[in-house]
Amino acid sequence: QVQLVESGGGLVQPGGSLRLSCAASGLTFIHYAMAWFRQTPGKEREFVSAVSWSGGTTYYSDSVKGRFGVSRDNGMSTVYLQMSSLTPDDTAVYYCAAAKHFKDFDIPNREQADWYDYWGQGTQVTVSP
């Protein structure tokens, strides 16, 4: 049984930082590209970031580029999202997702939520004074 378990969310002040983690089990982690999405009530799930199986290729949405960093530890089967310079617009439930994908230099469908095979339950991030 595949499980993706996010952690690290919480309440943070504007300008602050958080690091999210997503621990995977039940799958061969290095066979999967990993991604982070976020969602607010009434809106569709929004792509945030993706990382190839080796960690060598990363992608970011324009809204987080330069502020967020994605990484993975294949030995620990965990993907991370380091978030800094947070604003209230970053408030959302953050989800990690896994897609079986062996190419290391490109993730062409990275922004399509329905391309991913597995999803975590999400972790709430609230940015507020």
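Fair warning: this is a prediction, and the values are worked out from it, not measured in the lab. Computed over heavy atoms, backbone and side chain alike; hydrogens, waters and symmetry mates excluded.
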Within 45° of the ring axis of Tyr59 and under 6.0 Å from its six-membered ring centre, is that where the NZ or CZ of Arg110 lies? yes
Heavy-atom check, side chain of Arg38 versus side chain of Ser63, under 4.5 Å: yes
Determine, step by step, whether Tyr32 and His101 satisfy the ring-ring contact (aromatic ring centres under 6.0 Å, His included) criterion, reporting the C-alpha distance in whole Å, the side-chain angles of both residues, the deciding distance to 0.1 Å, and the verdict. CA-CA 5 Å; Tyr32 288 80; His101 186 72; over 10 Å; no
Any donor-acceptor N/O pair, Arg72 side chain to Ser52 backbone, under 3.5 Å: yes
Is there a donor-acceptor pair closer than 3.5 Å between any side-chain N or O of Glu6 and the backbone N or O of Cys96? yes
Under 4.5 Å between side-chain heavy atoms, counting indirect links through other Ile/Leu/Val/Met/Phe/Trp/Tyr residues: same cluster for Leu86 and Val48 or not? yes
If only atom types and distance count, is the side chain of Ser54 paired as donor or acceptor with the main-chain N or O of Gly56 below 3.5 Å? yes
Would you say the side-chain atoms of Asn74 pair up with the backbone N or O of Ser77, donor to acceptor, closer than 3.5 Å? no
If we only count heavy atoms from C-beta on, is the Met83 to Val127 side-chain gap below 4.5 Å? no
How about Val79 and Val70: do any of their side-chain heavy atoms sit closer than 4.5 Å? yes
Are Phe47 and Ile107 joined in one hydrophobic group, where the rule is that I, L, V, M, F, W and Y side chains link up if heavy atoms are under 4.5 Å apart? yes
To the nearest 0.5 Å, tell me how far Tyr118 OH sits from Cys22 SG. 13.5 Å
Side-chain heavy atoms nearer than 4.5 Å, only ILVMFWY residues, links allowed to pass through others: does that put Tyr95 and Phe68 together? no
Would the Phe37 and Trp119 ring centres measure less than 6.0 Å apart? yes
Please confirm whether the backbone N or O of Thr78 pairs with a side-chain atom of Asp73, one donor and one acceptor, at under 3.5 Å? no
Report yes if some heavy atom in the side chain of Ser49 is under 4.5 Å from a heavy atom in the side chain of Tyr60; otherwise report no. yes
Taking C-beta and beyond as the side chain, do Trp36 and Val51 meet within less than 4.5 Å on heavy atoms? no
Are Gln82 and Ser17 packed together at the side-chain level, in the sense that at least one heavy-atom pair is separated by less than 4.5 angstrom? yes
When rounded to the nearest 0.5 Å, the distance separating NZ of Lys100 from CG of Leu27 is 9.0 Å
Assess whether atom CD of Gln121 is packed by more than 12 heavy atoms of other residues, nucleotides or ligands within 6.0 Å. no
So do the side chains of Trp53 and His31 get within less than 4.5 Å of each other, counting heavy atoms only? no
Mind checking whether Gln39 and Tyr94 have side chains closer than 4.5 Å, heavy atoms only? no
N-O pairing of Asp106 and Lys103 below 4.0 Å: no
Hey, could you give me the OG1/CG distance between Thr123 and Leu20, rounded to the nearest 0.5 Å? 6.0 Å
For Leu11, is there any backbone N or O sitting under 3.5 Å from a side-chain donor or acceptor partner on Thr126? no
